[in-house]
Amino acid sequence: MQSHDRTSTAIGLALLLAVAAAPWTAAHANEFLETRLAEPAPSFDQPRRVVLQLTSDDARTMNNVLYNAVNIQKFYGMDNVEIAIVAYAGGMEALYAGSSPVQDRISSLQQYGISFIGCGNTMDATDHEPDELIEGVQWVQAGVAEIVERQLDGWVYVRP
């Protein structure tokens with residue numbers, strides 16, 4: 001078969017597949033799909049456990065991570081999910097009292113049970129101290145290791 005014939009055949013096949021799929025795509029393009037919960041469904045006794053990573057010093061990215069936490073909590077219900085946000089590297093800028101561009105939001109989310117954990121290694125590298133953290137923020141020596149250990153303990157890891 002010549003090269004030209006192969007190209008024509010491939011294009012024809014692609015067009016046929018596109019036309020065949022078009023009715024399904026058009027019919028289902030705006031269809032609402034309910035999220036199916038895995039078993040066991042989350043409950044007060046068996047909540048979903050989600051750890052989110054925050055590594056950017058960009059305020060927009062910080063807010064995105066916080067919105068993700070709110071959306072997760074809204075979906076499952078406050079009593080059916082545990083959420084921890086672990087910050088390291090540039091993300092630590094969100095956790096320093098007085099200079100955080102999202103300090104008020106963090107304080108508010110803490111009231112709804114969302115926990116915030118900072119990285120001691122980042123604080124060491126950037127000459128910060130734990131007493132500079134927003135009130136209620138906890139810290140561990142290695143933020144990335146905290147994420148690893150939570151994953152191994154069954155937490156779902158999200159990197160927005």
Side-chain angles (χ1 to χ4, degrees), residues 17 21 23-160:
L17 290 173
W24 184 90
T25 304
H28 300 284
N30 294 323
E31 183 178 339
F32 174 75
L33 297 175
E34 185 69 40
T35 299
R36 189 175 59 96
L37 298 176
E39 293 294 330
S43 66
F44 182 80
D45 293 328
Q46 291 186 317
R48 293 290 189 256
R49 298 180 305 164
V50 181
V51 59
L52 291 98
Q53 172 184 308
L54 176 57
T55 57
S56 175
D57 62 359
D58 174 65
R60 182 176 179 190
T61 302
M62 291 175 189
N63 275 299
N64 182 47
V65 172
L66 300 180
Y67 286 128
N68 277 266
V70 168
N71 288 336
I72 291 167
Q73 191 175 65
K74 187 175 117 169
F75 178 82
Y76 289 112
M78 192 171 150
D79 292 336
N80 299 324
V81 66
E82 294 177 33
I83 300 172
I85 297 175
V86 177
Y88 61 94
M92 286 297 295
E93 295 302 320
L95 304 184
Y96 297 127
S99 63
S100 169
V102 291
Q103 182 168 348
D104 291 341
R105 289 197 67 207
I106 287 173
S107 297
S108 175
L109 293 176
Q110 287 175 322
Q111 300 302 309
Y112 290 93
I114 296 174
S115 62
F116 292 83
I117 301 163
C119 176
N121 288 338
T122 300
M123 287 190 284
D124 291 344
T126 58
D127 295 321
H128 285 282
E129 298 293 328
D131 63 359
E132 296 176 57
L133 296 171
I134 295 168
E135 185 176 338
V137 171
Q138 301 168 313
W139 67 280
V140 295
Q141 189 57 50
V144 70
E146 180 71 11
I147 292 172
V148 168
E149 292 304 315
R150 284 182 185 245
Q151 282 185 280
L152 292 171
D153 193 33
W155 287 67
V156 174
Y157 167 60
V158 178
R159 183 179 176 255

Dump the intermediate steps for side-chain contact (heavy atoms from CB on, under 4.5 Å) on I83 and S115, then the final yes or no.
CA-CA 6 Å; I83 300 172; S115 62; over 6 Å; no
E129 and M123: CA distance, side-chain angles, deciding distance, side-chain contact (heavy atoms from CB on, under 4.5 Å) verdict:
CA-CA 6 Å; E129 298 293 328; M123 287 190 284; over 6 Å; no
Keeping to residues at least two apart or across chains, list the ring pair (Phe, Tyr, Trp, His ring centres under 6.0 Å) pairs with something in residues 106-143.
Y96-H128
Gap between atom OH of Y157 and atom CG of L52 - 0.5 Å precision
9.5 Å
Find out whether R49 and V81 are in side-chain contact, i.e. whether some heavy atom of one side chain is under 4.5 Å from a heavy atom of the other.
no
d(C119 SG, E146 CD) to nearest 0.5 Å is 10.0 Å
Test log, rule side-chain contact (heavy atoms from CB on, under 4.5 Å), inputs D124 and Q141
CA-CA 9 Å; D124 291 344; Q141 189 57 50; 3.3 Å; yes
Atom pair OH/OG1 of Y88 and T122 - distance to nearest 0.5 Å
8.5 Å
Heavy-atom nearest pair, V102 first then A94, reads CG2-CB, 3.8 Å
Please check this pair: side chain of Q103 against backbone of S100, looking for a donor-acceptor N/O pair closer than 3.5 Å.
no
Any non-hydrogen side-chain atom of L133 less than 4.5 Å from a side-chain atom of M92?
yes
Work out which heavy atom in V86 is nearest to a heavy atom in G143; give both atom names and the distance.
CG1-O, 3.4 Å
Nearest 0.5 Å, what's the CG-OG distance between L66 and S108?
10.0 Å
So do the side chains of E31 and L33 get within less than 4.5 Å of each other, counting heavy atoms only?
yes
What distance do R159 atom CZ and L54 atom CG have between them, rounded to the nearest 0.5 Å?
10.5 Å
Is it the case that more than 12 heavy atoms not belonging to D104 sit under 6.0 Å from its CG atom?
no
Does some side-chain heavy atom of V51 sit less than 4.5 Å from a side-chain heavy atom of V156?
no
So how far is it from I147 CD1 to L152 CG, rounded to the nearest 0.5 Å?
12.0 Å
Cation-pi check, R48 to F75: give yes when NZ or CZ is under 6.0 Å from the six-membered ring centre and within 45° of the ring axis, no otherwise.
no
Would you say Y67 and M62 make side-chain contact, with heavy atoms under 4.5 Å?
no
Give a yes or no answer on whether the side chain of N64 reaches the backbone of R60 with a donor-acceptor pair at less than 3.5 Å.
no
Any chance you could lay out the side-chain contact (heavy atoms from CB on, under 4.5 Å) test for I114 and E82, step after step, and finish with the verdict?
CA-CA 7 Å; I114 296 174; E82 294 177 33; over 6 Å; no
Hey, mind stepping through N80 and Q46 against side chain to side chain donor-acceptor pair (under 3.5 Å) and telling me if it holds?
CA-CA 7 Å; N80 299 324; Q46 291 186 317; over 6 Å; no
Does the side chain of V137 come within less than 4.5 Å of I117's, by heavy atoms?
no
